[in-house]
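Step one of this worksheet: look at the structure below.
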Amino acid sequence: MTKEFIFNGIVQGIGFRPTVQRIANEFGITGEVSNRGGSVRLVASGKEEALDKLIRRLEVLFEINSFEEIETNDKEFELFSIVHSEKDNHTPFLTPDLATCADCEKELFDKNNRRYGHPFISCVNCGARYSIIKELPYDRENTTMSEFDMCEECFDEYTNPSDRRCHAQTIACNDCGPATNIDIVEAVKILKSGDVLAIKDIGGYHLACRTDKNDAVARLREIKGREKKPFAVMFSSLSEIKDYCKVSKKEEALLTSPARPIVLLKKKKDFEKNICGESEYIGAFLPCNPIQLMILSEVSPLVMTSANISGEPIITDDEEIKKFRVKILSHNREIMAELDDSVLKVCAGRTQFIRRARGYTPLAVNIGVKAKKDTLLLGGDLKSVFGFHRDNYVFLSQQLGDLDDAKVYDAYQRNIKRFSRLHSFKSDITVSDMHPAYRSANMLDADIKVQHHKAHCASVIAEHRLKGDVLCFAFDATGYGDDGAIWGSEVFTFDGRSFKRIKHLDYVKLLSSDEVAKNADIALSCYLRDNDIINKAIDSNISSVLSSSMGRLFDAMSALLDIKHTNSFEGECAQALERCAKKADKAYTFKLTLSPVDILNQAKKAMEFGEEKSSIALGFHMLICDIICNTVCEVKTAQIVLSGGTFLNEIITETVITKLESDGFKVYINEKVPCGDAGLALGQAFIAALEV
């Protein structure tokens, strides 16, 4: 009996074809298997029972989204073989870049292994994938590895069905693969001496230095123009991370996953203040590639941060990195897509993305709602992420940065073109945010414009595939509203088709300049009207706008309590306010209100009566929780959605989830995309699919 199968899913760049060949040989099946543009084609001849066993085994081993079984005439094959790839129009589910596996790591440090010390050791289970693909199908000639001819030994492994590197497109060794400009010994020497080293990795350059060299850390801050924002720290092992951080089982699973993200962990002990700043967390991560593994085995822990000027994309260009005037460890394998490290945290037992990039891009999210036409999703301008919606799947880009930076905007446009080409997407519909000044919204003539906070809520509904009525909370700093005001504390009901806004903080006139987002004292003066110059501007309607922003209220409260007065990076004041609140023995009781002015005046009065600022800060957090929980009790909808940047706040998110779930409600947050603006594209896909 001969059958033909077409498999769709994550079936390329993951060892699918060699596995098929091994299992086929085991069951006495003959035939052939080949990559196609976005799928894998299998023609198998053998007993029906054996064919069924083959398919069942593959379904267990791989993320097969679907497969077609096509009747075909019986064919005779002498054996089972992997044959040359073909191009097709199936949607590809591309594999993200994968951290070095345990088998390759063992060989890397084995002096008797021929790949001992090979900076690009990999196999079918690990190594660069998305960052090196030029075209599909995923074959060596369509990747940046095409520049390197295999030596005889590598070719023997590549064609041996029993070898772990059979048809591993990144296969190479010290004799035939990519090479570094300096060896690892020299790189380690540079770091040990206290210098900053630029290291070319999978998705771009990192800047690295020792954690115990204050001068080097200070130089890093100067290079990046990064005054206070905490740096991530790379550790050599999980046990070393546990010396510095508290690590739960869920956090450990994230740290050691093939994505190797940065995970925000509670400190047990700290580094010098200029590394993690005032944060209660250490952004900890483990090496994800052979170069990092070898360096960290000799000098650890290291500050490891993206090589860029803050706000710009991570550098991939070998010439551009020279502008930093630091020593460089480079290599001669081209990077096709700039990919920052992904950043996550665990809150209320759930995974929260802060940045979704290397290790996760371009994995698709099944939202359970079919796109009637190929849809390009432009996301928003801050933390820009674009996407495409085809069938039930939304394919999301890496987080690229803020589009007001020219280099980020260029990377955004360039990556849209690459993404379209690799996935064979042709956008029939374009969707954007409705903000009239957004670059993303003005880049193309969008067919559908989606309100910012509705997209936030829809992103949670989409990823959890919720049905029926939902009560939604979207709290953040800013988003253009249906009425032209700046929204940021929005409550909606959703009936399965449309959103209805039912509640928000009272509007207050705020100055509309960027300075308000940076200077919390200006935000406070807008609320309390205690500055003559600001009052005149507002009264004259000069650069002012009605706002229901939750983020600006957090800033104003931070300034009022004299905790933090400026945001040198996004959310700095809000984070400081939360840290202060966590120090409180008790929470000051605020009267329930939706008036930001009333809330701030209550806090001001409490200060005058000598109340501890930590108690007032915690009371403010509890007030926000009460606003949410009281609204839920009023509306009595079983399914609750929380989205927007405010819900990165641990106190609020954990308190609300614990309280509502104990009362029998089901609470959902973003777990597959960030709750901030990097999740907008997913919500845009859901809403657009309902409208078209």
Side-chain angles (χ1 to χ4, degrees), residues 1-70 77 79-83 85 88 90-107 122-130 133 136-139 157-171 253 256-260 359-360 362-366 392-393:
M1 172 181 288
T2 303
K3 290 186 178 181
E4 180 178 345
F5 302 90
I6 305 295
F7 295 95
N8 294 291
I10 301 178
V11 291
Q12 293 192 27
I14 204 72
F16 189 89
R17 293 176 297 165
T19 302
V20 172
Q21 186 176 34
R22 283 193 289 273
I23 298 172
N25 290 340
E26 179 185 337
F27 293 152
I29 295 169
T30 59
E32 60 186 33
V33 63
S34 63
N35 276 344
R36 302 175 77 178
S39 61
V40 170
R41 175 179 178 266
L42 165 65
V43 181
S45 184
K47 293 181 180 179
E48 185 171 10
E49 182 183 0
L51 297 181
D52 289 344
K53 284 182 179 178
L54 169 63
I55 300 305
R56 285 201 297 273
R57 183 85 71 87
L58 293 174
E59 287 183 300
V60 170
L61 293 173
F62 296 97
E63 291 184 42
I64 298 171
N65 294 330
S66 64
F67 68 88
E68 303 171 52
E69 183 176 323
I70 303 166
F77 298 92
L79 42 77
F80 194 95
S81 59
I82 297 172
V83 298
S85 301
D88 70 6
H90 282 80
T91 304
F93 291 81
L94 303 180
T95 310
D97 299 288
L98 304 171
T100 304
C101 68
D103 289 332
C104 284
E105 184 175 348
K106 185 178 178 182
E107 292 173 350
S122 65
C123 66
V124 293
N125 301 314
C126 67
R129 295 292 190 272
Y130 180 66
I133 297 173
L136 290 179
Y138 178 68
D139 287 326
E157 293 169 337
Y158 184 80
T159 54
N160 182 357
S162 63
D163 196 284
R164 193 173 88 250
R165 293 185 173 88
C166 179
H167 277 264
Q169 308 308 327
T170 54
I171 189 171
T256 57
S257 71
R260 289 291 195 280
Y360 297 95
L363 292 175
V365 180
N366 185 345
N392 286 345
Y393 293 93

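- Arg22 places a side-chain N or O within 3.5 Å of a backbone atom of Pro161 that can act as its donor or acceptor partner.
- Residues Ser162 and Asn160 approach most closely at OG-OD1, 2.8 Å, considering heavy atoms.
- Nearest heavy-atom pair, Cys166 versus Pro18, reported as atom, atom and distance to 0.1 Å: O-CG, 2.8 Å.
- Using a 4.5 Å cut-off on side-chain heavy atoms (C-beta onward), Glu105 and Cys126 make no contact.
- Leu58 places none of its side-chain heavy atoms less than 4.5 Å from the side chain of Val11.
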**Prompt:** Should Ile23 and Leu61 be marked as a side-chain contact (heavy atoms from CB on, under 4.5 Å) after you check the CA-CA gap, both sets of side-chain angles, and the distance that decides it?
**Reply:** CA-CA 11 Å; Ile23 298 172; Leu61 293 173; 4.0 Å; yes
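- Rounding to the nearest 0.5 angstrom, the gap separating the OH atom in Tyr158 from the CD1 atom in Ile82 is 8.0 Å.
- Remark: Ser45 engages Thr2, Thr30, Phe77 in a side-chain contact (heavy atoms from CB on, under 4.5 Å) (not counting sequence neighbours).
- Applying the side-chain contact (heavy atoms from CB on, under 4.5 Å) test to Leu79 and every residue at least two apart in sequence or in another chain returns Ser81.
- Considering all non-hydrogen atoms of both residues, Met1 and Lys3 come closest at SD-CE, 3.6 Å.
- The side-chain hydrogen bond (donor to acceptor under 3.5 Å, both in side chains) check on Glu157 picks up Arg114, Arg115, with sequence neighbours excluded.
- Partners of Glu63 by side-chain hydrogen bond (donor to acceptor under 3.5 Å, both in side chains), not counting sequence neighbours: none found.
- Scanning all heavy atoms of the two residues, the minimum distance from Pro96 to Leu363 falls at CD-CD2, 3.6 Å.
- Shown here are the side-chain hydrogen bond (donor to acceptor under 3.5 Å, both in side chains) partners of Arg260, two or more places apart in sequence or in another chain: there are none.
- Inter-residue side-chain proximity for Thr19 and Val124 is flagged as unmet; no heavy-atom pair is nearer than 4.5 Å.
- Atom CD1 of Ile70 sits about 8.0 Å away from atom CZ of Arg41, to the nearest 0.5 Å.
- Taking Phe16 as the reference, Phe7, Phe62 meet the ring pair (Phe, Tyr, Trp, His ring centres under 6.0 Å) condition, with sequence neighbours excluded.
- Taking the charged nitrogens against the carboxylate oxygens, Arg165 and Asp103 have no contact shorter than 4.0 Å, which rules out a salt bridge.
- Atom CD of residue Glu68 and atom OG of residue Ser39 lie 8.0 Å apart, to the nearest 0.5 angstrom.
- Every residue was checked against the salt bridge (Lys or Arg N to Asp or Glu O under 4.0 Å) condition with Glu59, not counting sequence neighbours, and none meets it.
- Atom NZ of Lys47 is separated from atom CD1 of Ile29 by 11.0 Å, given to the nearest 0.5 angstrom.
- Rounding to the nearest 0.5 Å gives a distance of 11.5 Å between CG of Asn125 and OG1 of Thr100.
- Checked against side-chain contact (heavy atoms from CB on, under 4.5 Å), Thr256 has the following partners two or more places apart in sequence or in another chain: Leu238, Leu286.
- Residues forming a ring pair (Phe, Tyr, Trp, His ring centres under 6.0 Å) with Phe93 (at least two apart in sequence, or on another chain): Tyr393, Phe395.
- The side-chain contact (heavy atoms from CB on, under 4.5 Å) check on Thr170 picks up Ser122, Arg129, Ile132, Tyr138, Met145, with sequence neighbours excluded.
- With contacts defined as side-chain heavy-atom distances shorter than 4.5 Å, the pair Leu42/Leu54 qualifies.
- Residues satisfying the ring pair (Phe, Tyr, Trp, His ring centres under 6.0 Å) criterion with Phe27, sequence neighbours excluded, are absent altogether.
- When the side-chain hydrogen bond (donor to acceptor under 3.5 Å, both in side chains) test is applied to Gln21, no partner is found at least two apart in sequence or on another chain.
- One finds the CG atom of Leu98 at 10.0 Å from the OG atom of Ser257 (value rounded to the nearest 0.5 Å).
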